[in-house]
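Have a look at the structure below, then the notes.
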Amino acid sequence: MKGFLLLLSFMTRIPMPKIDYDEEKLGKSMKLFPLVGIVIGFILLFFSIVFSYVLSNLSFSAFLPIIILVVILTDLISTGALHLDGLADTFDGIFSYRSKHKMLEIMKDSRLGSNGALALILYFLIKFVLLYSLLMEDQGETVFAVLTYPVVARLCSVISCASAPYARGSGMGKTFVDNTKAKEVVIASLITVVYSSAMLFYMINSSLSLELPLDFVMMRLGINLLIIAILGLFAFSFSKLIERKIGGITGDTLGALLEISSLVYLFLIIVVPTFFL
């Protein structure tokens, strides 16, 4: 429990009771990172519901962009832009096309470069478009996406920690990499699969009054598993690409992967079902 609370206080800006720092317990808690995503998912849902009531008198065309901004800003505030900082630093470093050592130096620099700024602009634009598309297609599917994308994205970070060495001799991310192996990936994957399947099953049964055939429900659960598997492969491939570029992963690349994975997940939720349903 202490490890999870440390992880929650380290990875979010959610008010937490004061906990003594324990590097080993923090590192070993990485397998519980999807649980942090579950907490964030419900925070996003809570504020979405609150603002839905506040904005209930608006037309749907006016309501839509505002509620999407609520989701994006709530996510941003909940994490303190920690992972977005990693996204910007990673793009500044990787797309500098310098030596490995110089890339790592650029990524450590707190100043925002042009590549990082472009990455942030594209990130927010793509995320807005994907959430807008989901809301236009299916509001129930959007609720499911909001509840699950923070979870699946954090599973990708766990996979990354187990897929490549740490690129620097020291750093905060090193404790996560050193303590994350295949067993931790299995635990994080089980948490993600069980939670997302339960949420999907609940959304299917609550949104439709008629009794659905078992094969339809199983197909939707299968699609969910396929999407998670694709994201797992994406996380592994991303980590190996970064390893070739700079000799391993860093805290910045873990943050970048988390944010990119959330976009890929939203895209797959829109696209993949169209091949089966």
Side-chain angles (χ1 to χ4, degrees), residues 34-79 122-156 192-228 230-231 258-277:
L35 291 179
V36 175
I38 293 174
V39 174
I40 291 174
F42 276 98
I43 290 174
L44 298 181
L45 180 62
F46 172 77
F47 281 99
S48 297
I49 292 172
V50 169
F51 276 89
S52 293
Y53 281 111
V54 172
L55 305 171
S56 58
N57 291 328
L58 292 179
S59 64
F60 186 67
S61 58
F63 167 85
L64 200 59
I66 295 176
I67 205 66
I68 292 172
L69 286 176
V70 168
V71 171
I72 293 174
L73 289 174
T74 303
D75 194 353
L76 182 64
I77 294 168
S78 298
T79 60
L122 289 174
Y123 169 82
F124 286 117
L125 178 62
I126 294 170
K127 192 169 188 177
F128 185 92
V129 169
L130 290 172
L131 288 172
Y132 186 92
S133 299
L134 269 171
L135 267 173
M136 289 295 290
E137 286 294 319
D138 190 332
Q139 293 184 39
E141 193 77 8
T142 307
V143 172
F144 172 74
V146 167
L147 284 171
T148 55
Y149 86 74
V151 183
V152 178
R154 282 158 180 80
L155 169 64
C156 289
T192 304
V193 169
V194 171
Y195 169 76
S196 61
S197 298
M199 288 298 102
L200 180 60
F201 188 78
Y202 174 78
M203 294 303 300
I204 290 174
N205 282 276
S206 63
S207 61
L208 298 170
S209 57
L210 66 160
E211 186 176 344
L212 293 171
L214 181 61
D215 57 347
F216 176 84
V217 176
M218 294 305 295
M219 179 180 290
R220 290 304 308 270
L221 292 173
I223 291 171
N224 180 54
L225 290 176
L226 175 61
I227 291 173
I228 294 173
I230 293 172
L231 263 294
L258 189 153
E259 297 295 0
I260 295 171
S261 296
S262 68
L263 299 182
V264 175
Y265 179 72
L266 292 173
F267 174 76
L268 291 176
I269 281 184
I270 296 171
V271 173
V272 172
T274 62
F275 292 97
F276 299 93
L277 301 177

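Every value quoted in this text rests on a predicted model; they were computed, and no experiment measured them. Residue numbers start at 1 and run along the sequence shown.
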Ile230 side, atom CD1; Leu225 side, atom CG - distance, nearest 0.5 Å: 11.0 Å
Is the number of heavy atoms from other residues, nucleotides or ligands within 6.0 Å of CZ (Phe124) greater than 12? yes
Test side chain to side chain contact (heavy atoms under 4.5 Å, CB included) on Phe144 and Asn224; report intermediate values, then the result. CA-CA 11 Å; Phe144 172 74; Asn224 180 54; 3.7 Å; yes
Spatial distance of atom CG (Leu64) from atom CG (Leu135) [nearest 0.5 Å]: 5.0 Å
Show the nearest heavy-atom pair for residues Pro273 and Leu268, with the distance to one decimal. CD-O, 3.5 Å
Under 4.5 Å between any side-chain heavy atoms of Leu155 and Leu231, yes or no? no
Decide yes or no for Val71 and Asp75: does some side-chain heavy atom of the first lie under 4.5 Å from some side-chain heavy atom of the second? no
In terms of side-chain heavy atoms, does Tyr149 have a donor or acceptor partner in Lys127 at a distance below 3.5 Å? yes
Where at least one partner belongs to residues 133-144, residue pairs that pass side chain to side chain donor-acceptor pair (under 3.5 Å), sequence neighbours excluded: Glu141-Arg220
Ile67 and Ser48: which non-hydrogen atoms are nearest, and at how many Å? CD1-O, 3.4 Å
Calculate, to the nearest 0.5 Å, the distance between atoms OG1 and CE belonging to Thr148 and Met199 respectively. 9.5 Å
Has Tyr53 got more than 12 heavy atoms of other residues, nucleotides or ligands less than 6.0 Å from its OH? no
Non-hydrogen atoms of Ser261 and Ala153 that approach each other most closely: CB-CA, 4.1 Å
Pairs flagged by side chain to side chain donor-acceptor pair (under 3.5 Å) wherever residues 57-70 is involved - sequence neighbours left out: Ser59-Ser61
Atom CG of Leu45 and atom OG1 of Thr74: how far apart are they, to the nearest 0.5 Å? 11.0 Å
If you define the side chain from C-beta out and look only at heavy atoms, does anything of Pro65 sit under 4.5 Å from Phe128? yes
What pair of heavy atoms forms the shortest contact from Phe63 to Leu55, and how long is it? CD1-CB, 3.8 Å
Given side chains that start at C-beta, do those of Ser196 and Val151 come closer than 4.5 Å, heavy atoms only? no
Within the distance-only criterion (no hydrogens, no angle test), does the side chain of Ser197 pair as donor or acceptor with the backbone N or O of Val194 below 3.5 angstrom? no
How far does OG1 of Thr79 sit from CD1 of Ile43, to the nearest 0.5 angstrom? 10.0 Å
Measure the CD1-CZ distance between Ile40 and Arg154 for me, rounded to the nearest 0.5 Å. 3.5 Å
Residue pair Met219 / Phe276: nearest heavy atoms and the distance that separates them: SD-O, 3.6 Å
Answer whether the closest heavy-atom distance between the side chains of Ile270 and Leu266 falls below 4.5 Å. no
Report yes if the side chains of Pro150 and Leu44 come closer than 4.5 Å at any heavy-atom pair, otherwise no. yes
Phe51 and Phe47 aromatic ring geometry - parallel, tilted or perpendicular at 30°/60° bounds: tilted
Below 4.5 Å, heavy atoms only, C-beta onward: do Val272 and Phe267 meet side chain to side chain? no
How close do Leu263 and Leu130 get, heavy atom to heavy atom, and via which atoms? O-CD1, 3.4 Å
